[in-house]
Amino acid sequence: MGLPEERVRSGSGSRGQEEAGAGGRARSWSPPPEVSRSAHVPSLQRYRELHRRSVEEPREFWGDIAKEFYWKTPCPGPFLRYNFDVTKGKIFIEWMKGATTNICYNVLDRNVHEKKLGDKVAFYWEGNEPGETTQITYHQLLVQVCQFSNVLRKQGIQKGDRVAIYMPMIPELVVAMLACARIGALHSIVFAGFSSESLCERILDSSCSLLITTDAFYRGEKLVNLKELADEALQKCQEKGFPVRCCIVVKHLGRAELGMGDSTSQSPPIKRSCPDVQISWNQGIDLWWHELMQEAGDECEPEWCDAEDPLFILYTSGSTEDVFWCTADIGWITGHSYVTYGPLANGATSVLFEGIPTYPDVNRLWSIVDKYKVTKFYTAPTAIRLLMKFGDEPVTKHSRASLQVLGTVGEPINPEAWLWYHRVVGAQRCPIVDTFWQTETGGHMLTPLPGATPMKPGSATFPFFGVAPAILNESGEELEGEAEGYLLLRTETSWLEVFKQPWPGIMRTVYGNHERFETTYFKKFPGYYVTGDGCQRDQDGYYWITGRIDDMLNVSGHLLSTAEVESALVEHEAVAEAAVVGHPHPVKGECLYCFVTLCDGHTFSPKLTEELKKQIREKIGPIATPDYIQNAPGLPKTRSGKIMRRVLRKIAQNDHDLGDMSTVADPSVISHLFSHRCLTIQ
């Protein structure tokens, strides 16, 4: 399995996600109607005015935002310099180059000392098992970050060095990444669901000097011996001529042995014992986190970094207080931006969740919402569809009265899942912020404004501040639309979304391979950043992301959107979730092979198969009629909940050469799908 390219984010910026649906077709596409209109029209008008200013006067707009941060030295030259056109030279983006700051200082020191938020809870930590909980205040977090910054410096880590982090969702993960930021080192976080081979390659790609990991952890019922995987990765690095000199290990499952359970600044002892776990130890390389922290001082002067110094490397795939919960793992860009840096920069209180939505039961998310009085809830459409199949009762049995705003991230959300999310989870009173962005963009690119924007199920709505979108055809032609002054170009088969100018959080390069950066994102259409996503826009100016352009299917010369077919399938009352892939066909070239997961209480039958085919013919057209529909009690997903469509393509073609399967949450699902696949013709 090939690795995705690495992306470097600038220190001045504060989905990048796995597979989603494909692009759309013009003739059959019609957006669902909006479900609500806002009474706050002046707020929407103000938003549009601010957006126009952010695009037309980016230096002035972002200059005002920059004043909210602490700068050790001001910007000595141009506020913004960039080139998006490969025909005019090297691609580059420079915001406030020469100005110096430190993001850790801004999100911790200033909140504690200037804003007096030291006693405010930064994170409520919820472990895998209900009852494994703790909290950490801004002051406690600052102390621990300073201590671990001193630990890293004592181990020889300096500004510009790369540090690999391979950990589950525990407080020490946040401490580690902020400590790297404090001393100017780049953190490269590797999702704890990845294999030892993936970890090895990521260490080698960015020449990491040090690895931070954990002894072991539970994810649902599954025990993961992370230290064993880390040891395998370091051995592979050694064999490839790159020995890592130090590995710092958090004693997570063995925490009870340390007598640390009474400390509010540490995760509590794990409730489930694991006497059979053997933690190997490499003398001279491995060091215990807790021992190093005991010897470290609790003050650490930050390293003042240039605004364009890199921050991290990441791969692609009295009054009532707000409690923000983004369910993403920090191993993904959503976790970087909306679990760590974004909430802390705003002095917010967040939930840090180690477990999974269905363990120990399907009530888990909603019990946590009630427990911590979560006000803003941000999750993925895959998680929503997963929970839909269990019906309304697991949700409605909980109060959820604290919820004010719901969000979605990771892939286009189908209208049926959106409506269920709005009706059941949000009780028809919470606006939904359906966001479009990528790992490469660092943060939201298209999003509604909660409480002001009339909502349309499945639409990412309007560009965010500083974002100047355009829609091109395959020839790169652009047509200026009338509505709101945004750009729009339509063809009968496909649209491609691009952006015309930079924003502060945009990636700066592919680490160690700037030529690849230029080729992937800028070379095809000089002057534009190319997202690779299909996009449509309706008469009201709302944007509809249809998914990856390269995930479209060509059936008898007609381009079909897998996302569109999936949406048509889940409109049927019996279908909870669907995934569509292509299958070779001797006449049509490609045909549709559909996997459907049924809601509880429904049975798969030939009659249901015909009903689903009829529904697709009526919703899209006869050309989209699937040749194969397979019952899928479960779909292969990563541990972060993403559907692994590459695996489904292999199953559809009966190809057992699956590649790296270390990220699969439940391998038994794949065996079941292979044994019950449809009889196909080539």
Side-chain angles (χ1 to χ4, degrees), residues 6-14 62-63 65-82 92-114 141-142 144-165 174-189 206-210 212 299-314 330 333 336-337 340-346 442-443 502-512 514 517:
E6 284 186 290
R7 283 83 182 218
V8 174
R9 187 82 52 231
S10 163
S12 62
S14 279
W62 292 109
I65 300 296
K67 292 174 184 176
E68 299 177 11
F69 292 82
Y70 174 78
W71 299 91
K72 185 72 171 178
T73 57
C75 179
F79 190 84
L80 168 63
R81 294 179 63 247
Y82 75 97
F92 70 93
I93 305 103
E94 294 177 349
W95 289 88
M96 299 183 68
K97 188 171 178 63
T100 59
T101 187
N102 183 282
I103 190 65
C104 179
Y105 181 88
N106 275 282
V107 303
L108 290 184
D109 300 64
R110 292 187 71 206
N111 279 328
V112 171
H113 300 304
E114 293 181 25
L141 185 57
L142 174 59
Q144 290 187 47
V145 167
C146 286
Q147 288 177 317
F148 196 65
S149 298
N150 289 325
V151 167
L152 291 176
R153 280 179 169 164
K154 189 173 182 180
Q155 295 303 316
I157 301 300
Q158 301 176 355
K159 178 181 178 181
D161 287 346
R162 279 77 59 204
V163 174
I165 303 176
V174 177
V175 171
M177 64 193 299
L178 290 175
C180 290
R182 191 171 191 85
I183 66 173
L186 287 70
H187 57 73
S188 177
I189 299 179
S206 50
S207 302
C208 293
S209 306
L210 183 145
I212 307 169
E299 293 185 0
C300 178
E301 178 68 16
E303 184 75 31
W304 301 108
C305 302
D306 190 281
E308 281 299 324
D309 283 341
L311 174 61
F312 60 79
I313 298 172
L314 188 63
I330 291 177
I333 183 61
H336 278 56
S337 297
T340 303
Y341 290 113
L344 292 177
N346 284 279
W503 53 95
I506 187 176
M507 66 181 293
R508 299 307 200 258
T509 190
V510 172
Y511 187 79
H514 194 75
F517 171 63

A.B. asks: Could you pull out the closest heavy-atom pair between I93 and E308, with the gap in Å?
C.D. replies: O-OE1, 3.4 Å

A.B. asks: Could you label the plane-to-plane angle of the F79 and W95 rings as parallel, tilted or perpendicular, counting under 30° as parallel and over 60° as perpendicular?
C.D. replies: perpendicular

A.B. asks: Looking only at non-hydrogen atoms, find the nearest pair between A99 and P76 and report the distance.
C.D. replies: N-CD, 3.7 Å

A.B. asks: Go through the steps for Y105 and K72 under the test side-chain contact (heavy atoms from CB on, under 4.5 Å), then give the verdict.
C.D. replies: CA-CA 11 Å; Y105 181 88; K72 185 72 171 178; over 6 Å; no

A.B. asks: Please check this pair: side chain of R110 against backbone of L108, looking for a donor-acceptor N/O pair closer than 3.5 Å.
C.D. replies: no

A.B. asks: Is any side-chain heavy atom of L178 closer than 4.5 Å to a side-chain heavy atom of L141?
C.D. replies: yes

A.B. asks: With heavy-atom distances below 4.5 Å as the criterion, would you say the side chains of L80 and E94 are in contact?
C.D. replies: no

A.B. asks: Work out which heavy atom in M177 is nearest to a heavy atom in T340; give both atom names and the distance.
C.D. replies: SD-OG1, 3.3 Å

A.B. asks: Distance check, rounded to the nearest 0.5 Å: F92 atom CZ versus R81 atom CZ?
C.D. replies: 4.0 Å

A.B. asks: Check whether any side-chain N or O of S337 sits under 3.5 Å from a backbone N or O of G442 as a donor-acceptor pair, and report yes or no.
C.D. replies: yes

A.B. asks: As an exercise, state the distance from CD1 of I157 to CG of L210, rounded to the nearest 0.5 Å.
C.D. replies: 4.5 Å

A.B. asks: With a 6.0 Å cut-off on ring centres, are W304 and Y70 close enough?
C.D. replies: yes

A.B. asks: Compare every heavy atom of L314 with every heavy atom of H336, then report the nearest pair and how far apart it is.
C.D. replies: CE1-CD1, 3.7 Å

A.B. asks: Determine whether more than 12 heavy atoms belonging to other residues, nucleotides or ligands lie under 6.0 Å from atom NZ of K154.
C.D. replies: no

A.B. asks: Would you say that F148 contacts I212 through its side chain, given a criterion of any heavy-atom pair below 4.5 Å between the two side chains?
C.D. replies: yes

A.B. asks: Atom CG of L142 and atom SG of C104: how far apart are they, to the nearest 0.5 Å?
C.D. replies: 7.0 Å

A.B. asks: So, do M96 and T101 sit near enough that their side-chain heavy atoms are less than 4.5 Å apart?
C.D. replies: no

A.B. asks: Atom SG of C300 and atom CD of Q147: how far apart are they, to the nearest 0.5 Å?
C.D. replies: 10.5 Å

A.B. asks: Ignoring hydrogens and angles, tell me if any N or O in the side chain of N111 forms a donor-acceptor pair with the backbone of L344 under 3.5 Å.
C.D. replies: yes

A.B. asks: So C208 and R162, side-chain contact (heavy atoms from CB on, under 4.5 Å) or not? Walk me through it.
C.D. replies: CA-CA 5 Å; C208 293; R162 279 77 59 204; 4.0 Å; yes

A.B. asks: Checking H187 side chain against I313 main chain: does a donor-acceptor pair fall under 3.5 Å?
C.D. replies: no

A.B. asks: Which atom names give the shortest non-hydrogen contact between R153 and E301, and what distance separates them?
C.D. replies: NH1-O, 3.0 Å

A.B. asks: Quick check for you: to the nearest 0.5 Å, what is the distance between Q158 atom CD and S209 atom OG?
C.D. replies: 9.0 Å

A.B. asks: State whether the side chain of D306 and the backbone N or O of G98 hold a donor-acceptor pair below 3.5 Å, judged by distance alone.
C.D. replies: yes

A.B. asks: Look up atom OH in Y341 and atom CG in N106, then write down how far apart they are to the nearest 0.5 Å.
C.D. replies: 12.0 Å

A.B. asks: Do R182 and D109 have side-chain heavy atoms sitting under 4.5 Å apart?
C.D. replies: yes

A.B. asks: Please check this pair: side chain of N102 against backbone of C305, looking for a donor-acceptor N/O pair closer than 3.5 Å.
C.D. replies: no

A.B. asks: State which residue, out of I333, I165, L186, I189, fulfils the side-chain contact (heavy atoms from CB on, under 4.5 Å) condition with F312.
C.D. replies: I333

A.B. asks: What are the two closest heavy atoms between A66 and W71, and how far apart are they?
C.D. replies: O-NE1, 2.8 Å

